[in-house]
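Take a look at the structure set out below.
Values reported hereafter were calculated over all heavy atoms of this structure, with side chains retained and with hydrogens, waters and symmetry mates removed.
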Amino acid sequence: MATGQTDPERRERIITAALDLIAEAGVAGTSHRKVAARAGVPLGSMTYHFAGMDELLREAFTRFATSVVTVFEERLGAAATPDQAREAVADLVHHLSSGNQRELVLTHELYTLAARKPAYRELTREWMRRSRRALEWHFDPATARQLDALIEGLSIHRALETEPHDRALTLEAITRITRANSGPAA
C-alpha cells in the first residue's frame with residue numbers, strides 16, 4: 001500500500017477506526033491489526049503513529065470525551081437564563097440517551113477501562129472537570145457536580161430502559177437540584 005505519497009489524514013482515520021471498533025467489539029476486541037484493516041492503512045502505520053495500544057486508546061478516548069464536552073459547551077453556552085440552562089441540561093440528557101448506541105458503548109468502555117487503569121481514570125476526571133466547568137457557567141460548583149452526575153445517571157437509565165422516562169421527569173429532577181442553588185460560581 002506504500003505509494004510514496006504522504007497521507008496527512010492517516011492518523012485521524014486510525015483514531016476513528018479505533019473508536020468504531022471499540023463501539024462494535026469493545027476494548028478487548030480491538031487490536032492493532034483490526035484497527036489498521038478498518039482504517040485501510042498498513043499495519044506498520046500503527047507503530048509509526050502510536051507507541052502502542054494504550055497510546056491509541058488514550059487518543060481515541062480523549063477525542064470521544066472532547067466531542068461529548070463540546071456538546072455540553074454548545075448547549076450550555078446558548079443558555080442566557082437559569083431556566084434556559086435547565087432546559088439545556090434536559091436537552092443534554094435526552095441527546096446523550098437518544099439511542100446513539102455507539103456513544104453509549106464508548107462511554108461504558110471508557111468507564112470500564114478507567115476502573116481498571118489509572119491513566120484512563122485521569123482522562124475521565126478531566127472529562128468530568130470540563131463538563132462541570134460548562135455547568136458552572138450557570139450553576140454554583142456543588143450544583144454543577146450534582147448535575148453532572150445526574151446527567152450521566154439519567155442518560156444511562158434512559159438509554160437502557162425499554163420505556164425511558166419523558167422530558168418532564170428529567171426537567172423536574174434538574175429543577176429540584178438547581179432551584180435552591182442557581183447562578184454561576186462567584
Practice task
Go through the structure and list residues passing side chain to side chain donor-acceptor pair (under 3.5 Å) with Glu74, not counting sequence neighbours.
Solution key: none
Practice task
Salt-bridge test for Arg132 and Glu136: reply yes if a basic N is under 4.0 Å from a carboxylate O, no otherwise.
Solution key: no
Problem - Same apolar cluster: Tyr111 and Val71, side chain cutoff 4.5 Å - result: yes
Exercise for the section: Return the set of residues passing salt bridge (Lys or Arg N to Asp or Glu O under 4.0 Å) with Arg167 (not counting sequence neighbours), or none when no residue passes. Expected result: Glu87, Asp91
Exercise for the section: Output the rest of the hydrophobic cluster of Ile156: all Ile, Leu, Val, Met, Phe, Trp and Tyr residues reachable through side-chain heavy-atom contacts under 4.5 Å, sorted by chain and number. Expected result: Leu104, Leu160
Practice task
Using side chain to side chain donor-acceptor pair (under 3.5 Å) as the criterion, list what pairs up with Glu55, not counting sequence neighbours.
Solution key: none
Exercise for the section: With sequence neighbours left out, write down each residue that passes ring-ring contact (aromatic ring centres under 6.0 Å, His included) with Phe64, or none if nothing qualifies. Expected result: Trp127
Exercise for the section: Say whether Thr178 and Arg86, considering side chains only, have a donor N or O and an acceptor N or O under 3.5 Å apart. Expected result: yes
Handout entry: Electrostatic pair Arg145-Asp148, nearest N-O below 4.0 angstrom
Key = no
Problem - Set of residues satisfying salt bridge (Lys or Arg N to Asp or Glu O under 4.0 Å) with respect to Arg58, sequence neighbours excluded - result: none
Practice task
Side-chain contact test, heavy atoms from C-beta onward, threshold under 4.5 Å: evaluate it for Val68 versus Leu96 and give yes or no.
Solution key: yes
Handout entry: Worked verdict on Ile22 versus Val105 for side-chain contact (heavy atoms from CB on, under 4.5 Å)
Key = CA-CA 8 Å; Ile22 293 165; Val105 171; 5.6 Å; no
Practice task
Could I get the full list of side chain to side chain donor-acceptor pair (under 3.5 Å) partners for Thr107, not counting sequence neighbours?
Solution key: none
Exercise for the section: Take Glu172 and Leu169 through the side-chain contact (heavy atoms from CB on, under 4.5 Å) test and state the conclusion after the steps. Expected result: CA-CA 5 Å; Glu172 179 185 343; Leu169 185 62; 4.0 Å; yes
Problem - Any pair counted as salt bridge (Lys or Arg N to Asp or Glu O under 4.0 Å), so long as it reaches residues 103-117, sequence neighbours left out - result: Asp54-Lys117
Problem - With sequence neighbours excluded, residues passing salt bridge (Lys or Arg N to Asp or Glu O under 4.0 Å) with Asp166 - result: none
Exercise for the section: Check whether any side-chain heavy atom of Tyr120 lies under 4.5 Å from a side-chain heavy atom of Thr112, and answer yes or no. Expected result: no
Practice task
Kindly determine whether Leu92 and Leu76 satisfy side-chain contact (heavy atoms from CB on, under 4.5 Å), including the steps that lead there.
Solution key: CA-CA 9 Å; Leu92 279 168; Leu76 290 163; 4.3 Å; yes
Problem - Arg33 and Met46, any side-chain heavy atoms less than 4.5 Å apart - result: no
Practice task
Please answer: with hydrophobic residues joined when any side-chain heavy atoms are less than 4.5 Å apart, are Leu135 and Val69 in the same cluster?
Solution key: yes
Problem - side chain to side chain donor-acceptor pair (under 3.5 Å): pairs with one or both residues in residues 17-31, sequence neighbours excluded - result: Asp20-Arg102, Glu24-Arg38
Completion exercise
Residues at least two apart in sequence or cross-chain that pass side chain to side chain donor-acceptor pair (under 3.5 Å) with Arg158, listed by chain then number, are His94, Ser97
Handout entry: ring-ring contact (aromatic ring centres under 6.0 Å, His included) contacts touching residues 34-62 (sequence neighbours left out)
Key = none
